Amino acid sequence: METVSENTCFGGIQGVYSHDSEVCGGKMTFGLFLPAEAQDGPVPVLWYLSGLTCTHENAMVKAGAQGWAAEQGIALVFPDTSPRGDGVANDDAFDLGQGAGFYVNATQDPWAPHFRMWDYVAEELPALIGNNFAVDMDRQSITGHSMGGHGALTLAMSLPGRFCSVSAFSPICNPTGGDWGRKQFAAYLGADEGAWAAHDASLLMAERGFDGPVLVDTGTSDQFLDLLRPETLAQAMAARRQEGVFRMQKGYDHSYFFISTFMEDHVTFHAEALYAE
């Protein structure tokens, strides 16, 4: 692992690190904020999964999360959204290929050799961070935006006991039912739609739910509402009587202005779960 940069931030350290990933078959980069409390011992961890076209950097510099995390004594992890590099398959469209990993393990060519973002976020990167930094991997929560909200919800529901809480900003809620999902799942996972269901938050909510609190925020003026399909997740949560809060925020769109507005709410929500007895 190599240190790309480290900057003092709200009394802690905002670092950027790169490493050779076995599962993705190349170099990956991630951001990690450690609050001041990490100097004295392991601290809880909040994962932030980013959306389409993003790298590790977007949320790190735009979401305004570090100040609230420092207040709560929580580490923040900002993974990249896909493998990258000259030898990695790509597509001219912004919603497929590099920057658009969708947090799945691709099984189809040309994506299968590198696009294994599920294993990367669920297994490889947590092990790397847990072995090298002062974080408490027994106290983890997860959040994300758009494609990353999809990833946060599906990971949380598919890994019972891993996360204390899950939240999402403008998540892609029902990818098997819309163009932000069907296109990518067909490319990455193949034509068998039965394999897609494991990566659909609304279907997972209906089938199994989450063993902890859920918080979801989406803007009423989000320009991608028809692709996000928030009503499907709201209906599944209500039918399951899932512990959680689903909010449609009047006038907000899909941007980081929206995310930064409600970031304090989300960090506080996760802190309550991470520090619960």
Side-chain angles (χ1 to χ4, degrees), residues 7-16 30-51 54 56-79 81 121 125-126 129-130 133-153 155-156 162-171 201 210-219 242-249 252 254-277:
N7 298 93
T8 301
C9 180
F10 291 99
I13 298 293
Q14 175 61 66
V16 177
F30 65 93
L32 174 66
F33 170 74
L34 289 173
E37 288 83 351
Q39 298 175 23
D40 301 318
V43 297
V45 183
L46 176 59
W47 293 78
Y48 183 101
L49 304 186
S50 289
C54 292
H56 68 280
E57 189 175 35
N58 295 72
M60 192 179 79
V61 301
K62 294 180 180 179
Q66 291 92 337
W68 305 119
E71 197 170 281
Q72 301 290 350
I74 294 172
L76 297 169
V77 183
F78 303 99
T81 55
V121 173
L125 187 55
I129 291 173
F133 299 96
V135 295
D136 183 355
M137 301 308 282
D138 290 328
R139 290 186 292 166
Q140 298 183 67
S141 291
I142 191 166
T143 187
H145 171 233
S146 193
M147 179 185 71
H150 138 79
L153 290 165
L155 282 157
R162 171 75 65 90
F163 301 105
C164 299
S165 51
V166 60
S167 73
F169 300 88
S170 312
F210 176 65
D211 54 349
V214 178
L215 172 62
V216 178
D217 276 317
T218 300
Q242 168 71 45
E243 175 191 5
V245 177
F246 185 98
R247 306 189 297 196
M248 296 296 301
Q249 300 288 5
Y252 286 91
H254 202 70
S255 70
Y256 270 92
F257 297 112
F258 161 62
I259 296 169
S260 60
T261 299
F262 296 101
M263 182 55 73
E264 180 185 8
D265 286 2
H266 284 243
V267 173
T268 302
F269 162 78
H270 290 296
E272 291 174 355
L274 288 165
Y275 285 109
E277 294 295 334

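Heads up: numbering here begins at 1 and tracks the sequence. Computed from a predicted model, the values in this text were never measured in an experiment.
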Look up atom [atom1] in [X] and atom [atom2] in [Y], then write down how far apart they are to the nearest 0.5 Å.
{"X": "Trp68", "Y": "Leu76", "atom1": "CH2", "atom2": "CG", "answer": "13.0 Å"}
{"X": "Phe163", "Y": "Leu153", "atom1": "CZ", "atom2": "CG", "answer": "11.0 Å"}
{"X": "Leu32", "Y": "Gln14", "atom1": "CG", "atom2": "CD", "answer": "7.0 Å"}
{"X": "Arg162", "Y": "Asp138", "atom1": "CZ", "atom2": "CG", "answer": "10.5 Å"}
{"X": "Asn7", "Y": "Ile13", "atom1": "CG", "atom2": "CD1", "answer": "8.0 Å"}
{"X": "Ser50", "Y": "Tyr256", "atom1": "OG", "atom2": "OH", "answer": "4.0 Å"}

Subject >> Residue list, salt bridge (charged side-chain N to carboxylate O under 4.0 Å, His left out) with Asp211, at least two apart or on another chain >> reply: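 For Asp211, no residue satisfies salt bridge (charged side-chain N to carboxylate O under 4.0 Å, His left out) once neighbours in sequence are set aside.
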Counting C-beta onward and ignoring hydrogens, is there a side-chain heavy-atom pair between [X] and [Y] closer than 4.5 Å?
{"X": "Leu274", "Y": "Gln72", "result": "no"}
{"X": "Leu215", "Y": "Arg247", "result": "yes"}
{"X": "His266", "Y": "Asp217", "result": "yes"}
{"X": "Pro35", "Y": "Ile74", "result": "no"}
{"X": "Val135", "Y": "Val77", "result": "no"}
{"X": "Phe269", "Y": "Val245", "result": "no"}
{"X": "Ile259", "Y": "Tyr48", "result": "yes"}

So which atom in [X] and which in [Y] form the shortest heavy-atom distance, rounded to 0.1 Å?
{"X": "Pro79", "Y": "Phe30", "answer": "CA-CB, 4.1 Å"}
{"X": "Pro171", "Y": "His150", "answer": "CB-N, 4.0 Å"}
{"X": "Tyr275", "Y": "Pro44", "answer": "OH-CD, 3.5 Å"}
{"X": "Met60", "Y": "Gly31", "answer": "SD-CA, 4.2 Å"}
{"X": "Val43", "Y": "Gly73", "answer": "CB-O, 3.6 Å"}
{"X": "Ala152", "Y": "Gly144", "answer": "CB-N, 4.0 Å"}

Donor-acceptor under 3.5 Å ([X] side chain, [Y] main chain):
{"X": "Thr143", "Y": "Ser167", "answer": "yes"}
{"X": "Gln242", "Y": "Gly212", "answer": "yes"}
{"X": "Thr81", "Y": "Cys54", "answer": "yes"}

Original post:
What residues form a side chain to side chain contact (heavy atoms under 4.5 Å, CB included) with Val61, not counting sequence neighbours?
Top reply: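 Listed in chain order: Glu57.
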**OP:** Would you check if there is a donor-acceptor pair between the side chains of His145 and Asn58 at a distance under 3.5 Å?
**Re:**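 There is no such pair between these side chains.
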**OP:** With sequence neighbours left out, write down each residue that passes side chain to side chain donor-acceptor pair (under 3.5 Å) with Ser146, or none if nothing qualifies.
**Re:**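 Checked Ser146 against side chain to side chain donor-acceptor pair (under 3.5 Å); matches are His254.
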Original post:
Do the rings of Tyr252 and Phe258 sit parallel, tilted or perpendicular, given the 30° and 60° boundaries?
Top reply: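 Rings of Tyr252 and Phe258: tilted, as their planes differ by 30° to 60°.
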